[in-house]
Asker: 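One structure is given below, represented as structure tokens, and several questions about it will come after.
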Amino acid sequence: MRTVTLALLTGFALGWVPGAHAADLDYGVLRGPDYEPASTEIDWNGGYFGAHAGYTTTSINFGPSGQSDLAQILRSTSVESEYRISGTNTLKPARPHDVGFGGLAGYNYQFDEAVIGLEVDYTSVNQKGRSEDSLTRRVMLSNGTYDIYRISTAAHADLKDYATIRMRAGYPMGAFLPFVTAGLAIGRAVIGNDVSIDLREYSDVNRTNLIGGLSDKGGTVKEKYSLGYALGIGGDYLLTQNIFVRGEYQYLQFAKFGDVKVNVNTVRGAVGIKF
């Protein structure tokens, strides 16, 4: 009887102990710590700076350029007082185009589905334009004399560079940020005029008896600054959390540089660092 009882106890012990050990084993140490995937959220907040380059087309409207210089030369003549010949030349607009380059810096604030920011930039362009006109006329004055004159005007303008400060508003789409901009611009240009007048006055209609005349040249060259406004549209794309590329169109309209009106159209690309 004792032999049977001992056999039963031994078998029970052998069957229970492995089960107990199996229940007590913790396989967690074999799995390692829980894995948390890296965050893929794009954060547009923060400052940035970069460099840009692009292609610029400038419209230069010379308007009444040179007329004040001609008026100064002709101020004491009868033909100017009666016909105002200093304002008769017409200068065509010029449309120079070339590459430009510069730098930019700004700061973004992200609010859920919107990004608002402030940006400044500087661009060197050297956009040069020139326009010329000349005119020859015969007129009779109120005193019965006859004048024949030739006036010439050559105007030139060189938009050297400009800077803008603009507000930006964008709609983030992951790593892509389309945006619009609006703000102020200030430009620097060198403008100049070269004028000449050749005037002959006769007592008869056949111009055989010369009784007076004037032949003179003049002109000015000045550096001028002008304020204006800037509008733009474009997009930034993050290559990494800190490096982005940009494509952008920018339009600038300046007030007058002296007598010259200027507007600028630029398509450009940029590379920047965000921090």
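Counting begins at 1 with the first residue of the sequence.
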Asker: State plainly whether one hydrophobic cluster holds both Val245 and Trp44, where clusters connect Ile, Leu, Val, Met, Phe, Trp and Tyr through side-chain heavy atoms under 4.5 angstrom apart.
Answerer: no
Asker: When you measure from the side chain of Glu80 to the backbone N and O of Ser86, does any donor-acceptor pair fall under 3.5 Å?
Answerer: yes
Asker: Counting C-beta onward and ignoring hydrogens, is there a side-chain heavy-atom pair between Leu199 and Thr77 closer than 4.5 Å?
Answerer: yes
Asker: Go through the steps for Leu210 and Arg200 under the test side-chain contact (heavy atoms from CB on, under 4.5 Å), then give the verdict.
Answerer: CA-CA 7 Å; Leu210 181 66; Arg200 296 289 181 268; 3.8 Å; yes
Asker: Do the side chains of Tyr55 and Arg268 get nearer than 4.5 Å, heavy atoms only?
Answerer: no
Asker: Measure the CD1-OG1 distance between Ile233 and Thr181 for me, rounded to the nearest 0.5 Å.
Answerer: 9.0 Å
Asker: Is there side-chain contact between Asp133 and Lys92, with heavy atoms separated by less than 4.5 Å?
Answerer: no
Asker: Would you find a donor on one side and an acceptor on the other, under 3.5 Å apart, between the side chain of Ser226 and the backbone of Ala255?
Answerer: yes
Asker: Going through the checks in order, is the salt bridge (charged side-chain N to carboxylate O under 4.0 Å, His left out) test met by Arg150 and Asp198?
Answerer: CA-CA 5 Å; Arg150 179 179 177 83; Asp198 187 20; over 6 Å; no
Asker: Quick check: does any side chain N or O of Thr145 sit under 3.5 Å from a backbone N or O of Ser203, one acting as donor and the other as acceptor?
Answerer: no
Asker: With no hydrogens and no angle check, is any side-chain donor or acceptor of Thr56 less than 3.5 Å from a backbone partner on Gly100?
Answerer: no
Asker: Check the surroundings of atom NZ in Lys274: do more than 12 heavy atoms from other residues, nucleotides or ligands lie under 6.0 Å from it?
Answerer: yes
Asker: To the nearest 0.5 Å, what is the distance between OH (Tyr162) and OG1 (Thr58)?
Answerer: 7.5 Å
Asker: Could you work out, with side-chain contact (heavy atoms from CB on, under 4.5 Å) as the rule, every residue matching Lys217, not counting sequence neighbours?
Answerer: Ser196
Asker: Going through the checks in order, is the side-chain contact (heavy atoms from CB on, under 4.5 Å) test met by Asn45 and Asn108?
Answerer: CA-CA 5 Å; Asn45 281 299; Asn108 289 326; 5.8 Å; no
Asker: Looking only at heavy atoms, which two atoms of Met140 and Tyr83 are closest? And how far apart?
Answerer: O-OH, 2.7 Å
Asker: Is it true that, when you exclude Arg138 itself, more than 12 heavy atoms of the residues, nucleotides or ligands shown sit nearer than 6.0 Å to its CZ?
Answerer: no
Asker: So, does Glu82 use its side chain to make a donor-acceptor pair with the main chain of Ser142 at under 3.5 Å?
Answerer: yes
Asker: Does Val180 share a hydrophobic cluster with Ile116, counting links as ILVMFWY side-chain heavy atoms below 4.5 Å and allowing steps through other members?
Answerer: no
Asker: Any Lys/Arg nitrogen of Asp236 or Arg246 sitting under 4.0 Å from an Asp/Glu carboxylate oxygen of the other?
Answerer: yes
Asker: Between Val260 and Asn61, does a side-chain contact (heavy atoms from CB on, under 4.5 Å) hold up when you go through it step by step?
Answerer: CA-CA 6 Å; Val260 180; Asn61 189 339; over 6 Å; no
Asker: Ser78 and Leu141: which non-hydrogen atoms are nearest, and at how many Å?
Answerer: CB-CD1, 3.9 Å
Asker: Looking at CD of Glu201 and CD1 of Ile211, how far apart are the two atoms once the value is rounded to the nearest 0.5 Å?
Answerer: 4.5 Å
Asker: Honestly curious: do Leu177 and Tyr107 fall in one hydrophobic cluster under the side-chain, below-4.5 Å linking rule?
Answerer: no
Asker: Is there a path from Leu70 to Leu135 through hydrophobic residues (I, L, V, M, F, W, Y) whose side chains come within less than 4.5 Å of each other?
Answerer: yes
Asker: Just how far is it from atom CD1 of Ile60 to atom CG of Asn263, taken to the nearest 0.5 Å?
Answerer: 9.5 Å
Asker: So His52 and Thr123, do their side chains get closer than 4.5 Å, heavy atoms only?
Answerer: yes
Asker: Could you see if Val139 belongs to whatever hydrophobic cluster contains Ile85? Use Ile, Leu, Val, Met, Phe, Trp, Tyr and a side-chain cutoff under 4.5 Å.
Answerer: yes
Asker: Atom CE of residue position Met173 - does it have more than 12 heavy atoms of other residues, nucleotides or ligands inside 6.0 Å?
Answerer: no
Asker: Please determine whether the number of non-hydrogen atoms from other residues, nucleotides or ligands lying under 6.0 Å from atom OH of Tyr251 exceeds 12.
Answerer: yes
Asker: For the backbone of Ala189 and the side chain of Lys222, can you confirm whether one donor and one acceptor N or O come within less than 3.5 Å of each other?
Answerer: no
Asker: Taking it one step at a time, do Gln67 and Asn89 satisfy side-chain contact (heavy atoms from CB on, under 4.5 Å)?
Answerer: CA-CA 8 Å; Gln67 292 184 9; Asn89 274 348; over 6 Å; no
Asker: Below 4.5 Å, heavy atoms only, C-beta onward: do Asp259 and Phe62 meet side chain to side chain?
Answerer: no
Asker: With a 6.0 Å cut-off on ring centres, are Phe244 and Tyr237 close enough?
Answerer: no
Asker: So, Asp121 side chain and Thr164 main chain: donor-acceptor pair closer than 3.5 Å or not?
Answerer: yes
Asker: According to the interplanar angle, ranging from 0 to 90°, do the rings of Phe111 and Tyr109 count as parallel (below 30°), tilted (30 to 60°) or perpendicular (above 60°)?
Answerer: parallel
Asker: Within the 4.5 Å heavy-atom criterion, are Leu104 and Tyr48 side-chain neighbours or not?
Answerer: yes
Asker: Is there a donor-acceptor pair under 3.5 Å between the side chain of His156 and the backbone N or O of Asp194?
Answerer: no
Asker: Could you pull out the closest heavy-atom pair between Phe179 and Glu248, with the gap in Å?
Answerer: CE1-OE2, 4.0 Å
Asker: So how far is it from Phe275 CZ to Gln241 CD, rounded to the nearest 0.5 Å?
Answerer: 15.0 Å
Asker: Looking only at heavy atoms, which two atoms of Ser152 and Ser134 are closest? And how far apart?
Answerer: OG-CB, 3.4 Å
Asker: What are the two closest non-hydrogen atoms of Leu91 and Ala155, and how far apart are they?
Answerer: CD1-CB, 3.8 Å
Asker: To the nearest 0.5 Å, tell me how far Glu119 CD sits from Arg166 CZ.
Answerer: 4.5 Å
Asker: Could you list the residues that satisfy side-chain contact (heavy atoms from CB on, under 4.5 Å) with Ile273, not counting sequence neighbours?
Answerer: Phe49
Asker: Could you check whether any side-chain heavy atom of Leu74 comes within less than 4.5 Å of a side-chain heavy atom of Leu214, counting everything from C-beta outward?
Answerer: yes
Asker: For Thr240 and Asn242, indicate whether the former's side chain and the latter's backbone hold a donor-acceptor pair under 3.5 Å.
Answerer: yes
Asker: Any non-hydrogen side-chain atom of Leu118 less than 4.5 Å from a side-chain atom of Arg168?
Answerer: no
Asker: Go through the side-chain N and O atoms of Asn265 and Tyr249 and say whether any donor and acceptor fall under 3.5 Å apart.
Answerer: yes
Asker: With a 3.5 Å distance limit and no angle check, can you tell me whether Asp204 reaches the backbone of Asn209 through a side-chain donor-acceptor pair?
Answerer: yes
Asker: What's the shortest heavy-atom distance between Ser65 and Thr153, and which atoms?
Answerer: O-CG2, 3.6 Å
